[in-house]
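Working notes, beginning with the structure itself.
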Amino acid sequence: MQARDRLIVAADLSSRDEILALADEMHGVAGVLKIGPQAFVANGPGLIREVVARNVRVFLDLKLHDIPNTVAHTVAEVSKLGVAMLTVHASGGPAMMRVAAQSGGGPPRSVLILGVTVLTSLDDDELRRVGFARDSLSTAVSLAKLAQESGLRGVVASPLEIRAIREACGDALTIIAPGVRPAGSDQGDQRRTMTPRDAIAAGADYIVVGRPITEKKNRRDAAVRIIEEFA
């Protein structure tokens, strides 16, 4: 996998035209475009089809979390859109993750179903307030192991948990790291962050970068600089 393939650019935008322009700008530079709830709700599945038609790999970050039957049918519908990746919450449990894997993550479909461990916006205190007894590191590793045991081929985790997850789950599990910020960038609402170079060195297969690219005047150059930082 080339360095540029490891970069996922988060299109956390509402405007269809701006998202399509971003997809065109990132073509040949970044490996994947992430479409989250904001863009998906604003534009619907038609946007996904338009981006895929541009020969751009799409990471549909919907973080599904529902009863197994609902998730199974939703994943089956998503798989028809031609996306490369899709997220479900690992805290939805093993039964939910198993049907997600069966509905879209295995042959003949090629959707990589990813289990979201702990959101990067949560610190240990907030995690405990939600109801988790352990800290973010222990919780993320436990959920990653559960995701793998449930048939998922990848997880989403803070860069700070990558090494521990890699040690617990091995090299076969794909790890995607959000909360990645180039040195000197504003962390925004992210709590557990790391630079692109450090995240890749820790063992991330992919890194997700949003505002440090999308808020720049020349977004293509911003993406190239990030790739050069870890290449």
Side-chain angles (χ1 to χ4, degrees), residues 1-63 81-87 112 114 116 119-123 156-160 162 175-202 204-231:
M1 185 162 55
Q2 298 183 37
R4 68 185 184 187
D5 296 327
R6 295 177 178 271
L7 177 60
I8 299 174
V9 177
D12 295 325
L13 307 163
S14 297
S15 166
R16 168 188 169 275
D17 290 343
E18 189 172 3
I19 293 167
L20 293 178
L22 178 64
D24 291 339
E25 290 171 39
M26 294 300 109
H27 196 275
V29 175
V32 185
L33 190 72
K34 183 176 82 71
I35 303 293
Q38 176 184 348
F40 190 76
V41 171
N43 299 279
L47 172 68
I48 307 302
R49 296 187 182 96
E50 288 188 272
V51 175
V52 169
R54 281 169 153 76
N55 199 30
V56 174
R57 297 181 72 213
V58 172
F59 171 17
L60 187 55
D61 188 21
L62 295 184
K63 298 183 178 71
L81 298 176
V83 305
M85 306 171 180
L86 172 70
T87 49
L112 176 62
L114 301 154
V116 176
L119 296 176
T120 54
S121 59
L122 296 174
D123 57 24
V156 178
S158 152
L160 302 186
I162 294 171
I175 301 177
I176 294 181
V180 173
R181 290 288 186 271
S185 296
D186 182 11
Q187 289 191 356
D189 53 3
Q190 307 279 10
R191 300 292 180 87
R192 306 189 323 282
T193 66
M194 191 176 281
T195 66
R197 181 192 297 271
D198 290 342
I200 293 294
D205 294 291
Y206 300 87
I207 60 171
V208 181
V209 182
R211 284 166 283 186
I213 292 175
T214 59
E215 292 182 352
K216 297 296 184 181
K217 183 176 182 180
N218 191 321
R219 300 183 293 196
R220 189 178 180 89
D221 284 352
V224 169
R225 286 195 297 270
I226 288 173
I227 294 167
E228 289 174 343
E229 179 181 330
F230 68 78

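Owing to the predicted nature of the structure, the values given are computational and were not obtained by experimental measurement.
- Between Leu20 and Leu47, the closest side-chain pair of non-hydrogen atoms falls below 4.5 Å.
- Taken from CD1 in Ile213 to CZ in Arg211, the straight-line distance is 12.5 Å, to the nearest 0.5 Å.
- Summarising the geometry, atom CG belonging to Leu22 is positioned 6.5 Å from atom CG belonging to Leu13; distances are rounded to the nearest 0.5 Å.
- The two residues Ala222 and Lys216 have their closest heavy-atom pair at CB-CG, 3.7 Å.
- Closest of all the heavy-atom pairs between Ile162 and Ala199 is CD1-O, 3.8 Å.
- Closest of all the heavy-atom pairs between Pro45 and Leu81 is CB-CD2, 4.0 Å.
- If you take CG on Leu114 and OH on Tyr206, they are separated by 9.0 Å, rounding to the nearest 0.5 Å.
- In terms of the side chain to side chain contact (heavy atoms under 4.5 Å, CB included) criterion, residue partners of Arg4 (sequence neighbours excluded) are, by chain and number, Gln2, Ile227.
- Sorted by first and then second residue, the salt bridge (Lys or Arg N to Asp or Glu O under 4.0 Å) pairs with a member in residues 42-53 read Arg16-Glu50; sequence neighbours excluded.
- The line from CD1 of Ile175 to CD1 of Ile207 is 14.0 Å long, rounded to the nearest 0.5 Å.
- Taking the side chain as every heavy atom from C-beta outward, Ile35 and Asn43 never approach each other to under 4.5 Å.
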Worked verdict on Lys63 versus Val156 for side chain to side chain contact (heavy atoms under 4.5 Å, CB included): CA-CA 10 Å; Lys63 298 183 178 71; Val156 178; over 6 Å; no
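- In this structure, the separation between CG on Leu86 and CG on Leu60 is 5.5 Å, given to the nearest 0.5 Å.
- Inter-residue side-chain proximity for Val180 and Pro159 is flagged as met; some heavy-atom pair is nearer than 4.5 Å.
- Legend: residues meeting side chain to side chain donor-acceptor pair (under 3.5 Å) with Asp205, ordered by chain and number and at least two apart, are Arg166.
- Side-chain contact between Ile48 and Phe40: present, with at least one pair of heavy atoms (C-beta onward) separated by less than 4.5 Å.
- Contacts of Gln38 classified as side chain to side chain contact (heavy atoms under 4.5 Å, CB included), with partners at least two apart in sequence or in another chain: Asp12, Ser14.
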Validation: residues 24-31 side-chain donor-acceptor distances under 3.5 Å, sequence neighbours left out:
residue : atom : partner : partner atom : Å
Asp24   : OD1  : Arg54   : NE           : 2.8
Glu25   : OE1  : Arg219  : NE           : 3.1
Glu25   : OE2  : Arg219  : NH2          : 2.8

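- Remark: Val208 engages Ile8, Ala10, Lys34, Phe59, Ile176, Pro178 in a side chain to side chain contact (heavy atoms under 4.5 Å, CB included) (not counting sequence neighbours).
- The structure places CZ of Arg197 at 13.0 Å from CD1 of Ile226, a figure rounded to the nearest 0.5 Å.
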